[in-house]
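Hydrogens, waters and symmetry mates are skipped; everything else that's a heavy atom, side chains included, is used. Since the structure is predicted, the reported quantities are computational estimates derived from the model, not experimental observations.
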Amino acid sequence: MYNQDAMASATRPVAARRASLAWALGSLFPAAFLFCLFALTLLSAPEHDDFCFADLHARHGFVQTISIFYQSLSGRIVVLILGQIPPAISAATNVSLLSAYSLALAAAAGLFLFGLAVATVRAWPRAGALQLAFLTFAFASTVVSATPNLRELLYWLTGLICYVPPALLTILILGECTRALDTETEFSWLLTIGMALGGLVAAMCNEFTGVWLLLILAASLLARHLFGQPRQIAHHGLIAVAIAVGFVVVVSASGNSARMEQLPNGGHLLPSLINGLRDSLVGLGRFFREPAIVVSLIAAGAIVLVEPEPARPAQANGKMLALGIVATCLACCYFEYFTHRYATGFRLVERAQNQALILLLFGLMLSVRLLVRAHRTQLRERLSAGRYRGLLDPVTLPTSLALLMIASLGFSSTSSLLRKQWQDLYPYWEESVARHVLLTTSIEPVIAVPWHKWTPSLLMTADVTANADRLPNDCIARYYRKSAIYVADVPL
């Protein structure tokens with residue numbers, strides 16, 4: 001008997017090490033996929049609005065540039081600040097704008113991963129460290145694989161700062177509201193102040209995030225009332241006031257009127273309601289066509305199945321909370337599609353769809369976690385008794401999830417695009433550097449700029465044109481202190 005107990009005790013550490021190794025190895029592929037895409041930030045180059053930010057910052061500085069844009073174009077204060085980071089780095093360190101731009105994008109990619117990691121860790125408090133690492137990399141790699149436009153998620157600063165920061169702050173606030181409801185705890189004042197500041201920043205990134213956050217807070221209050229939990233009206237009220245202030249700052253900008261005058265198709269309520277619904281359903285269909293989405297949801301539920309049991313049983317309102325999260329996220333996404341249709345008359349731009357993608361995926365992962373936990377006992381019994389009883393094995397589960405993740409990322413739209421364009425990426429960067437050298441070293445006031453021979457859509461959208469007076473030619477010329485630039489008839 002003693003020998004059997006000793007053998008069992010010796011076997012447990014070995015099994016635990018094998019399980020840990022399986023989770024660690026399973027995380028490698030999504031992590032490698034992610035960091036390969038992050039590395040491409042080093043090949044990115046500024047375009048369009050990036051040069052307008054750089055030009056105004058060089059001539060007027062941070063504060064005056066914000067004032068100019070606020071009065072003439074947009075009230076997105078956070079965007080007006082973040083858009084000036086590359087020229088500020090360039091001026092402070094005496095490096096080229098191209099290098100500063102790549103550095104800013106690399107930092108943005110790191111913060112993107114960090115934000116998703118924090119949201120994941122807070123939402124899965126009982127999961128192990130290696131399981132959280134796998135889920136974080138799965139979450140992040142799914143976002144970059146399923147995005148409708150990877151360039152505007154990772155490689156174009158002016159596009160991503162409008163929608164990625166508010167998406168991260170939104171899922172953090174949604175996660176904290178869900179965590180408090182699920183554990184029947186209250187917001188501390190420190191957490192409340194943090195959520196208020198985060199909500200203020202997020203609301204000043206674009207015109208619809210403020211409404212998103214107010215809807216999430218309203219849903220939190222309603223759920224607390226239905227579940228018989230303390231409503232904490234003062235805490236919710238402080239967060240809501242901060243969000244409302246940010247929203248008012250954005251929509252009150254005088255530059256909004258000038259921009260709306262250029263969009264005569266906007267302002268039609270009923271067509272926008274109908275077309276917004278159609279657009280959102282199309283986007284939802286595209287969302288579920290990405291195989292990595294389904295795999296991430298499976299991973300979110302599987303990790304709950306192998307979590308240790310809590311000290312006290314989960315509350316009985318988990319299923320209702322899960323449905324509420326899904327309904328809130330879908331309502332937020334529809335509002336975004338509708339608002340863009342109403343404001344512009346056009347379908348929601350792809351860079352804004354990235355924000356909806358992050359929110360919806362995180363909301364569904366939260367809901368799957370709650371639903372699986374509510375039926376954990378029954379699911380474990382069925383899996384243990386059925387022909388798939390080996391799936392919950394400590395080594396088989398992470399291995400299976402890793403294989404599913406490898407297959408789903410390999411067949412994703414991002415992987416397909418990367419396979420088509422990877423040979424064009426470095427030549428495009430070389431052409432961008434050559435153009436920068438030409439514009440920096442030439443003493444001619446008017447320059448004919450050769451057009452790009454390599455045009456990967458992963459890193460660029462449009463080149464300079466023959467019209468020297470229009471964007472992007474005008475901003476590029478002013479930044480490099482030229483009278484005018486126009487496209488030449490030969491490639492770089």
Side-chain angles (χ1 to χ4, degrees), residues 32-55 58 83 85-91 93-110 144 149-160 414-468 471-482 484-492:
F33 178 78
L34 198 64
F35 288 121
C36 285
L37 293 175
F38 284 0
L40 296 182
T41 57
L42 301 177
L43 303 181
S44 300
E47 287 188 320
H48 309 302
D49 295 347
D50 300 313
F51 282 106
C52 296
F53 275 117
D55 164 52
I85 289 179
I89 294 174
S90 178
T93 61
N94 201 29
V95 300
S96 69
L97 181 63
L98 266 69
S99 298
Y101 190 78
S102 295
L103 179 62
L105 285 176
V144 299
N149 193 313
L150 183 63
R151 172 183 170 270
E152 295 179 342
L153 179 72
L154 293 178
Y155 308 129
W156 183 37
L157 188 67
T158 307
L160 74 88
T414 291
S415 293
S416 176
L417 181 64
L418 194 59
R419 286 191 292 268
K420 291 177 183 177
Q421 299 188 0
W422 71 271
Q423 292 181 318
D424 300 347
L425 303 179
Y426 188 73
Y428 162 77
W429 179 78
E430 290 183 313
E431 291 180 345
S432 299
V433 172
R435 176 178 291 181
H436 173 73
V437 171
L438 172 65
L439 292 169
T440 303
T441 58
S442 175
I443 60 174
E444 298 296 327
V446 178
I447 298 181
V449 178
W451 47 267
H452 276 288
K453 177 183 178 181
W454 304 93
T455 57
S457 61
L458 195 64
L459 297 180
M460 69 171 292
T461 50
D463 205 352
V464 293
T465 66
N467 190 338
L471 186 74
N473 299 42
D474 53 352
C475 287
I476 297 174
R478 287 196 299 269
Y479 175 73
Y480 286 104
R481 295 182 174 85
K482 306 299 181 185
I485 68 167
Y486 58 93
V487 69
D489 295 329
V490 293
L492 285 162

**Request:** Would you name the heavy atoms of T414 and F33 that are closest together and state the gap between them?
**Result:** CG2-CZ, 4.3 Å
**Message:** Is it the case that the side chain of S102 and the backbone of S99 share a donor-acceptor pair, with hydrogens and angles ignored and the cut-off at 3.5 Å?
**Reply:** no
**Prompt:** Any donor and acceptor pair, going by atom type alone, linking the side chain of R151 with main-chain N or O of S457 inside 3.5 Å?
**Reply:** no
**Message:** Please check this pair: side chain of E47 against backbone of M460, looking for a donor-acceptor N/O pair closer than 3.5 Å.
**Reply:** no
**Message:** Under a 3.5 Å distance rule, please check whether Y101 uses its side chain to pair with a backbone N or O of L157 as donor and acceptor.
**Reply:** yes
**Asked** Going from NZ on K420 to CG on L458, what distance comes out if it is rounded to the nearest 0.5 angstrom?
**Response** 12.0 Å
**Request:** Take Y155 and N149, measure what side-chain contact (heavy atoms from CB on, under 4.5 Å) needs, and give me the verdict at the end.
**Result:** CA-CA 10 Å; Y155 308 129; N149 193 313; over 6 Å; no
**Prompt:** Between S90 (side chain) and A100 (backbone), is there a donor-acceptor pair under 3.5 Å?
**Reply:** no
**Prompt:** What closest approach, in Å, do L425 and L418 show between heavy atoms, and which atom pair accounts for it?
**Reply:** CD1-CD1, 4.3 Å
**Request:** Grab the two heavy atoms, one from V437 and one from T441, that are nearest each other, plus how far apart they are.
**Result:** O-OG1, 2.6 Å
**For the student: nearest non-hydrogen atoms of L459 and L40, plus distance** = CD2-O, 4.3 Å
**Request:** Anything under 30° is parallel, anything over 60° is perpendicular, the rest tilted; go ahead and classify H48 against W156.
**Result:** perpendicular
**Asked** Which value, rounded to the nearest 0.5 Å, describes the distance between N94 atom CG and I89 atom CD1?
**Response** 13.5 Å
**Prompt:** Rounded to the nearest 0.5 Å, how far apart are OG of S44 and OH of Y428?
**Reply:** 7.0 Å
**Asked** Do any N or O atoms from the side chain of K453 and from the backbone of P427 form a donor-acceptor pair under 3.5 angstrom?
**Response** no
**D424 CG to H452 NE2 distance, which is reported to the nearest 0.5 Å** = 12.0 Å
**Prompt:** Can you tell me how far CD of E444 sits from CG of L438, rounded to the nearest 0.5 angstrom?
**Reply:** 10.5 Å
**Asked** Given Y486, which of T465, V464, V446 fulfils the side chain to side chain contact (heavy atoms under 4.5 Å, CB included) condition?
**Response** V446
**Request:** Locate the shortest heavy-atom distance separating W451 from R435; write the atom from each residue and the value.
**Result:** CA-NH2, 3.8 Å
**Request:** Could you walk me through whether L150 and V144 pass side-chain contact (heavy atoms from CB on, under 4.5 Å), step by step?
**Result:** CA-CA 6 Å; L150 183 63; V144 299; 4.0 Å; yes
**Test applied, side chain to side chain contact (heavy atoms under 4.5 Å, CB included); reference residue, D50; option that passes from D55, I476, L97, T158** = T158
**Message:** Please determine whether side-chain contact (heavy atoms from CB on, under 4.5 Å) holds for the pair I447 and L439, giving the CA-CA distance in whole Å, both sets of side-chain angles, and the decisive distance to 0.1 Å.
**Reply:** CA-CA 8 Å; I447 298 181; L439 292 169; 4.0 Å; yes
**Message:** Please give me the minimum heavy-atom distance between H436 and S96, naming the atom from each residue.
**Reply:** NE2-CB, 3.5 Å
